[in-house]
Protein chains: 2
Amino acid sequence: MSPRPGRTDVTKRKLFDATLRLAGTRGMVGLTVDEIAAEAGVAKGTVYYNFGSKDGLIDALLRYGVDLLAARLSSADGDASDTLSRLIDGMLAFFAEYPTFAQLLVSELWRTPGQWQQTLSLLREQVTSIIRGQLQRLADAGELPEGVAVPTASAALFGTVLVVALDWQVFAPERSQEEVRDSVLTLVRGLRGTVG
Amino acid sequence: MSPRPGRTDVTKRKLFDATLRLAGTRGMVGLTVDEIAAEAGVAKGTVYYNFGSKDGLIDALLRYGVDLLAARLSSADGDASDTLSRLIDGMLAFFAEYPTFAQLLVSELWRTPGQWQQTLSLLREQVTSIIRGQLQRLADAGELPEGVAVPTASAALFGTVLVVALDWQVFAPERSQEEVRDSVLTLVRGLRGTVG
DNA sequence: CCAGTTAAACTGACCAGTCAGTACAAATAA
DNA sequence: TTATTTGTACTGACTGGTCAGTTTAACTGG
């Protein structure tokens, strides 16, 4: 699709990073293009040359971030017995590495019609379908109790880990990732059909 | 202090309602005072007369909403065995009744320093402390398995129900409250130390 | 050459906040 | 009872600033 990598990829990456660096405190609305460009060490016009608009930039950023997350989750394969643990760890690690992306997701994902709603619905589907696949493997292995609807559980698990990760960063940053992961595991222990 | 009740309470209520009516689609930032005033059938100046600033209005709205939620949760008393069910039902019912308030919470609560962060921290504490109290009753009754940290579980439960409620409204509005409640119960079944 | 980038000035819409003035009810005076 | 004052609530035109997006002319590295 793209014959020459070109310099634009580097520039785009710089803009993504800069935007994530800034979006945490101020949110996506109320974040100026001038600011983003300055933070990225790039001229304002470059933003418009590469993305066409502020919306275009954010749209591309969301896709970029979700691709990263999806890559992590897909590689959570392995023994069925600790699939859940790997899945949660993968999400937590990602959200710990890109905290502002988690904030971005949570603050935009459930906005009815909102401007990036269409993109976000696609991205939500992309992520939950991976989780669904992993959970289905558990179900096939008989590791899930009766009556657990896999699609519902997937969406709930995604949302739960998302907010728990944010709560961790914002209100209890001193806790370790292991502690947090174990807390989530405890909470969803019912899924595994065992009581530890 | 105030000999006459005055009209302001009615006006404030009108502004709260109008804001909630609008905040769902556009979020809090990127929502204009002119719009809110128009929706409430009130002049722009009235907003400033009553709340001093846009921030003041939102601040007051958040407190108003959380008071309503807290009232619901506090009344979730009763038999220890279905405390969890009542708690979840109460939250779901509230979020179903004030869907935009849930969106407001989720999109603002985890913004680092953000403008209403201080208010929101207080409100989060107010709500989770109630949940904490209810869960503690369960723990005292020996209904929680060993190793469950009540404060952590409370925060996680709150976040989980919040996102599940939003997911329900945005992505699966055809499901009934009972279905959703049962899904959450299944998910957190581990907390009760029983498997069905 | 030329795709990508830069710096700077500019436009036009939009919007938070202001302020002089209106409406009206209760308190007080005549 | 009627007239006058006072305080509270509200109004909406206006201001000053901000910001997305545009335009242009010049620069740079491959």
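Just so we're clear, the structure is a prediction, and the values are computed from it rather than from any experiment.
The line from OH of B:Y49 to OG1 of B:T11 is 10.0 Å long, rounded to the nearest 0.5 Å.
Within the nucleic acid shown, A:L57 has no heavy atom closer than 4.0 Å to any nucleic acid atom.
For the OP1/OP2 pair of D:dC10 and a distance below 4.0 Å, the side-chain nitrogens and oxygens of B:N50 include at least one atom meeting the criterion. A:K54 has a side-chain polar atom (N or O) that falls below the 4.0 Å cut-off from OP1 or OP2 of D:dA20. Within the structure, a side-chain polar atom (N or O) of A:T46 is placed less than 4.0 Å from OP1 or OP2 of C:dT6.
When distances are taken from the side chain of B:Y48 to each of D:dT11, C:dG17, D:dC10, the shortest belongs to C:dG17. Distance from the side chain of A:Y49 is smallest to C:dT5 among C:dA16, C:dT6, C:dT5. When each of D:dG12, D:dT22, C:dA16 is scored by its nearest atom to the side-chain atoms of B:T32, the top-ranked nucleotide is C:dA16.
For the pair B:D55 CG and C:dC15 C1', the computed distance is 14 Å after rounding to whole Å. As rounded to whole Å, 15 Å separates atom P of D:dT8 from atom CG of B:D9. Taking atom CG of B:L31 as the reference point, atom C1' of C:dC15 lies 12 Å away to the nearest angstrom. For the pair A:K12 NZ and C:dA3 P, the computed distance is 15 Å after rounding to whole Å. Taking atom CD on B:E35 and atom C1' on C:dC14, their separation rounds to 11 Å, with Å as the unit. Protein atom CD1 of A:I36 is 11 Å distant from nucleotide atom P of D:dG21, rounded to whole Å. As a whole-Å value, the separation of B:K14 NZ from D:dA9 C1' is 11 Å.
The nearest heavy atom of DNA chain C to A:K44 and to B:G30 marks one nucleotide each, and the one closer to the 5' end goes with A:K44.
Relative orientation of the B:Y64 and B:F16 rings is parallel, given thresholds of 30° and 60° on the angle between their planes.
No side-chain donor-acceptor contact under 3.5 Å links B:W116 to the backbone of B:I58.
For the side chain to side chain contact (heavy atoms under 4.5 Å, CB included) with B:V180, the qualifying choice from B:V161, B:L92, B:I88 is B:L92, the only one to do so.
In this structure, B:R124 forms a cation-pi arrangement with A:F171, its terminal cationic atom sitting closer than 6.0 Å to the ring centre and no more than 45° off the ring axis.
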